[in-house]
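In what follows, chains carry the letters A, B, and so on, assigned in the order in which the sequence lines appear, proteins first and then strands, with residues in each chain numbered from 1.
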Protein chains: 2
Amino acid sequence: MPIDPLSHTFAALADPTRRAILARLALGEATVSELAAPFPVSVQAVSKHLKVLERAGLVTRAKAAQQRPARLRAQPLGEADAWLEHYRAFWATRFDQLADHLHDIQKGTVR
Amino acid sequence: MPIDPLSHTFAALADPTRRAILARLALGEATVSELAAPFPVSVQAVSKHLKVLERAGLVTRAKAAQQRPARLRAQPLGEADAWLEHYRAFWATRFDQLADHLHDIQKGTVR
DNA sequence: TGGTTGTACAACCGACTGGTTGTATACTGC
DNA sequence: GCAGTATACAACCAGTCGGTTGTACAACCA
């Protein structure tokens, strides 16, 4: 488990259930039970997912003991986006495909 | 290990060494040994990282057996970016902070 | 008071991770 | 053919993951 925040963010996003939880939270805060309802997993599993998201700073929890609704905190997503930004030129301009093509030409594979 | 491509992409990005490898590859293709040089890990470890990146479709390898330089393939990054896109409004407009604020007001915590 | 609900904590499981070392293969150059 | 180089494969390790079940606690409701 890495120490840098960006790794935590990407790791938190690397699970479809957690991304679905974030999508749900984008609509507004929700309790653990509400979040667990649409998924075929136990409430405890969702609670664990929330803990991962919390560690990544992607959600905050209310303090009340009985109900601790989770809320989306998008700032780390902004940081992930900023990292991706550096590579945007590559796919935006099909730079990688261009590079592939040039490479193939150089190799004489195609012309 | 999830089956959806997006999870593979985010998982591949959730490691500083792999992100550094991508950054290096953004400058041009490189062999395993070249990629391993700046890192305090073994060549084999880098080879493993490359395999993870390959599985995520983020790099392609040449075919030659003796030297199989890796090249960046940015398309999956574009898909990750497209996912983040949905949440861009949240941090771009400080929407989450606004939501926090509204919530606090509602709670009477602050006015 | 007691029952129900919402949540957390702990233990366990099988699978994967990131790293190592050791061994093997394949090409290059002498 | 032989030495060196580049890479891969396999086994192993400790640690983490995503999931489960069981237990416990705190807060509401009757």
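Pair assignment for dC27(C): dG4(D), on the basis of Watson-Crick or G-U wobble contacts that are both within less than 3.5 Å. Using N1 to N3 plus N6-O4 or O6-N4 for Watson-Crick, or N1-O2 and O6-N3 for G-U wobble, each under 3.5 Å, dC12(D) pairs with dG19(C).
Here CG of Leu77(A) is found 5.0 Å from CG of Leu58(A). Values are rounded to the nearest 0.5 Å.
Judged by distance alone, the side chain of Tyr87(A) and the main-chain N or O of Ala23(B) form a donor-acceptor pair under 3.5 Å. Distance alone, capped at 3.5 Å, is enough to place a donor-acceptor pair between the Arg19(B) side chain and the Leu13(B) backbone. A donor-acceptor pair under 3.5 Å is absent between the side-chain atoms of Arg73(A) and the main chain of Glu54(A), judged by distance alone.
A straight line from CD of Glu29(A) to P of dT7(C) spans 11 Å, rounded to a whole angstrom. Rounded to a whole Å, the CG atom of Asp4(A) is 13 Å from the P atom of dG18(C). Phe39(B) has its CZ atom 15 Å from the C1' atom of dG19(C), to the nearest Å. Remark: C1' of dA6(D) and CD of Glu34(B) are 11 Å apart, rounded to the nearest angstrom. If you measure from atom CZ of Arg18(A) to atom P of dC17(D), you get 8 Å, rounded to the nearest angstrom. If you measure from atom NZ of Lys48(A) to atom P of dA8(C), you get 13 Å, rounded to the nearest angstrom. Atom NE2 of His8(A) is separated from atom C1' of dT17(C) by 14 Å (rounded to the nearest Å).
Closest contact between the side chain of Val41(A) and the listed nucleotides dG19(D), dT20(C), dG18(C) involves dG19(D). Checked against dA6(D), dT7(C), dA8(D), the side chain of Ser33(B) finds its nearest nucleotide in dA6(D). Of the candidate nucleotides dG19(C), dA8(C), dC9(C), dC9(C) has the atom lying nearest to any side-chain atom of Lys51(A).
Between Thr17(A) and dG18(D), a side-chain N or O to OP1/OP2 separation shorter than 4.0 Å is absent. For His49(B) and dG19(C), the shortest distance from a side-chain N or O to OP1 or OP2 is below 4.0 Å. Distances shown here put a side-chain N or O of Arg55(A) below 4.0 Å from the OP1 or OP2 atom of dC17(D). Between Ser47(A) and dC9(C) there is no side-chain N or O to OP1 or OP2 distance below 4.0 Å. In this model, the phosphate group of dT20(C) is approached by a side-chain N or O of Ser42(B) to a distance below 4.0 Å at OP1 or OP2. Under 4.0 angstrom from either OP1 or OP2 of dG6(C) there lies no side-chain N or O belonging to Arg61(A).
At a cut-off of 3.5 angstrom, counting only N and O atoms as typed in the model, there is no donor on one side facing an acceptor on the other between the side-chain of Gln44(B) and the base of dG18(C).
Between Leu22(A) and Trp83(B) the shortest side-chain heavy-atom distance falls below 4.5 Å.
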